[in-house]
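Note sheet for the following structure.
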Amino acid sequence: MNTTTSERLFERAQQTIPGGVNSPVRAFTSVGRSPLFIARAHGSKLWDVDGNEFIDYVGSWGPMILGHAHPAVVEALQKAIVDGTSFGAATLREIEMAELIAKLMPSIEMVRMVNSGTEATMSAVRLARAFTKREKIIKFEGCYHGHADSFLISAGSGAMTLGIPDSPGVTQSIAADTLTATYNDLQSVRRMIDAHPGQIAAMIVEPIVGNMGCVPPADGFLQGLRTLCTTHGIVFILDEVMTGFRVAPGGAQQLYNIEPDLTTLGKIIGGGLPVGAYGGKKEIMKLIAPSGPVYQAGTLSGNPLAMAAGLETLQILNATPDVYVVLEERAAQLAEGMKQIIDRHHLPLTQNRVGSMFTLFFTRERVTDFTSAKRSDTARFGRYFNAMLGKGVYLAPSQFEAAFISTAHTRGEIEHTLAAAEESLVSAFSM
Ligand SMILES: *Cc1c(COP(=O)(O)O)cnc(C)c1O
C-alpha cells in the first residue's frame, strides 16, 4: 500500500498542529504507524489522499449510522446552506429536533442542544449539581464522557489508549469531586455512596461502554444503578452520546428498559456535523437559563446545518425501523464469521457485541470492565490492525474502541472483511 502522500502531510501537520492531529487517537500512535489522511468517503467506504480504498468500521467514531454522504442528508444540507449557515437566533428546525428526540426517547421531556458530547456531559453534571445542591459525582473506570476536567479521571478512549487516563492540568480539587467505581460491579458503587453520604450529585455511565472497547452491561447492573440513584437522591445520567439511536430506535435506555433522569447525546444526532445535546426530566431541565439560574450558552448551538443533518438522520431512522434489523443482521454475520475463525485457529480472542457496535479483544478472558479490557495484547492488536489496513479494512487504530457498522455495509463487504480478518489474524499470531 502506497501511503507517501499521507506521510508527507503528517510531517507537515506536525509543524503547526500538536501531534499533527486534532484528536489524539487519529495519530495512530498505538498501532505503530503514521496516520492516513482521508480525502473522501461514501457509503461504507473511505479513500485516503493516496487513492487507497477502505471499508470503514470507524464511521467517524459513531455518527455515520447511515453511511457517509447519505444522499438525503447531503440534500438536506444543500437546502439548508443556501439560507445561511448561522444566525445565532431561534429556528424552527430546533423545535422539530427537540420534539423528535423527545418522541424517540420518552425519558427526555426537554432538551438543550450544544456542540459536542463533551459539552453535553459537562453541562449535565453542572445541572445535576445545581439540582441536588451537592458536589461529588460518580463515574466508572474506563468510561469516557468527553474531555471536560471532571471526567479525565480513569478515562477511557484515547486517554486509555495513550496511557493517560488521569490528565495533567486537572486540579486536585476537581479530581477529588469525581469518584470512580468499577463497571459491572454494583458493590463498588454501594461502597462509594456509603462513604460519601448525602454528597453525591450525579452518577454518569455509558449504558453500553464503547470507550474501553465494547463492554455490555451485566444483567441487572443498570437497573441496580437506577435503584441506588433513586434511593439516595442522585441524578442518574445515561451518557448515550455513542449508544443513542445506535443500538435501538430509543437508544440503550429502550434496549434495557432504564429510565434515566438525564441523558447526554451527540454523534448520530448531528448526522456527521458537530453536535451534542442533554435532556431529561422537565423538573431538572427547567433550571437551565433562561428559565432557571444554571448558566449554559453557545454561539453555534442549534446551528442550522447541524440541525438539518441531524434531523434528516433521525427522521430516516424513525421512518425506517428496519434499519436496526439490517444492522443486527450485518453485525451478526460478522460476529458469527469471526467466531468461526477464532475456533478454527484456536485464537486467544474475545468478542463483545451489542447490535452494530462491537470489539474484538486480544485476550482469551471475558472483558467486563477496565481491568479485564487492559489485559488485551495491544502489540498484537497493532499487528492485526496494520494487516487489515493493508487489505483495505479501516478499523479504529486502538484496541480500546468500538467498531461500527452502517446501513451501507453490504453482505459482500462483510465477507471481504472476514476473509481479510482470517489472513490478518493468522499472520498477527504467527509472529
Ligand atoms: C464520543 C463520546 C463523548 C464525547 O463526545 P465529543 O463530541 O467527542 O465531545 C462523550 N461520551 C461518550 C460516551 C462518547 O462516546
Side-chain angles (χ1 to χ4, degrees), residues 21-26 58-65 105 112-126 137 139-162 165 167 178 180 183 202-217 222 225 236-247 251-253 255-256 258 260 262-279 296 298 300-301 303 306 309-310 313 352 354-359 370 373 396 398 400-404:
V21 291
N22 280 314
S23 196
V25 183
R26 292 181 199 170
V58 178
S60 188
W61 306 91
M64 311 318 301
I65 192 167
M105 275 188 183
R112 169 61 64 85
M113 300 307 302
V114 291
N115 303 291
S116 68
T118 295
E119 254 190 87
T121 55
M122 73 181 208
S123 308
V125 163
R126 180 186 306 138
I137 63 167
K139 79 175 279 287
F140 292 83
E141 260 189 324
C143 281
Y144 179 71
H145 304 293
H147 66 86
D149 287 359
S150 300
F151 303 119
L152 290 181
I153 320 288
S154 301
S157 193
M160 184 172 177
T161 303
L162 300 179
S167 173
T178 300
T180 52
Y183 193 77
M203 184 186 298
I204 184 164
V205 68
E206 287 182 72
I208 302 156
V209 190
N211 288 295
M212 52 190 171
C214 176
V215 179
L222 295 173
L225 296 181
F236 188 37
I237 307 172
L238 281 190
D239 182 355
E240 294 228 46
V241 171
M242 187 182 287
T243 54
F245 313 109
R246 162 64 61 183
V247 294
Q253 52 196 273
L255 193 63
Y256 298 107
I258 301 291
L262 296 177
T263 299
T264 51
L265 296 168
K267 298 196 170 119
I268 286 175
I269 62 161
L273 274 85
V275 167
Y278 63 111
Q296 184 271 305
L300 294 174
S301 294
N303 173 267
T313 300
N352 280 350
V354 179
S356 59
M357 62 188 272
F358 53 92
T359 299
F370 185 69
S398 163
F400 307 116
E401 298 288 350
F404 301 103

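One-based numbering, in listed order, for ligands and for the atoms of each. Note that this is a predicted model, so its numbers are computed, not measured.
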Review point. Do His145 and ligand 1 have an N or O pair less than 3.5 Å apart?
Key: no
Practice item. Could you pull out the closest heavy-atom pair between Asp149 and Ile153, with the gap in Å? Key: O-CD1, 4.3 Å
Review point. In terms of atom number and element, which parts of ligand 1 are under 4.0 angstrom from non-hydrogen atoms of Glu206?
Key: 13 (C)
Practice item. Taking only heavy atoms of Asp239 into account, list the atoms of ligand 1 that are under 4.0 Å away from them. Key: 10 (C), 11 (N), 12 (C), 13 (C)
Point to revise | Any donor-acceptor N or O pair under 3.5 Å, side chains Thr359, Asn352 | key: no
Point to revise | Worked verdict on Ile65 versus Arg246 for side-chain contact (heavy atoms from CB on, under 4.5 Å) | key: CA-CA 7 Å; Ile65 192 167; Arg246 162 64 61 183; 3.8 Å; yes
Check your understanding: What's the shortest heavy-atom distance between Ile237 and Thr264, and which atoms?
Key -> CG2-CG2, 4.2 Å
Review point. Against heavy atoms of Gly146, which atoms of ligand 1 measure under 4.0 Å?
Key: 3 (C), 4 (C), 10 (C)
**Study point:** Whether Arg112 side chain and Ser123 backbone form a donor-acceptor pair below 3.5 Å
**Key:** no
Review point. Has Lys267 got any heavy atom lying under 4.0 angstrom from an atom of ligand 1?
Key: yes
Point to revise | Check: Ser60 side chain, Pro63 main-chain N or O, donor-acceptor pair, under 3.5 Å | key: no
Check your understanding: Nearest protein heavy atom to atom 3 (C) of ligand 1, by residue and atom, and its distance?
Key -> Val241 CG1, 3.7 Å
Exercise for review: Determine the sole option in His145, His147, Glu401 for which the side chain to side chain donor-acceptor pair (under 3.5 Å) test with Ser157 is passed.
Suggested key: Glu401
Review point. For the residue pair Ala252 and Ile208, what are the closest heavy atoms and their distance?
Key: CB-CD1, 4.1 Å
**Study point:** Any non-hydrogen protein atom less than 4.0 Å away from atom 8 (O) of ligand 1
**Key:** no
Practice item. Taking only heavy atoms of Gly117 into account, list the atoms of ligand 1 that are under 4.0 Å away from them. Key: 4 (C), 5 (O), 6 (P), 7 (O), 9 (O)
Check your understanding: Can you list the atoms of ligand 1 that are under 4.0 Å from a heavy atom of Met242?
Key -> 15 (O)
Practice item. Enumerate the atoms of ligand 1 whose separation from the nearest heavy atom of Ser116 is less than 4.0 angstrom. Key: 7 (O), 9 (O)
Study note, to complete from the structure: Honestly, for Thr264 the part within reach of ligand 1 (heavy atoms, under 4.0 Å) is neither
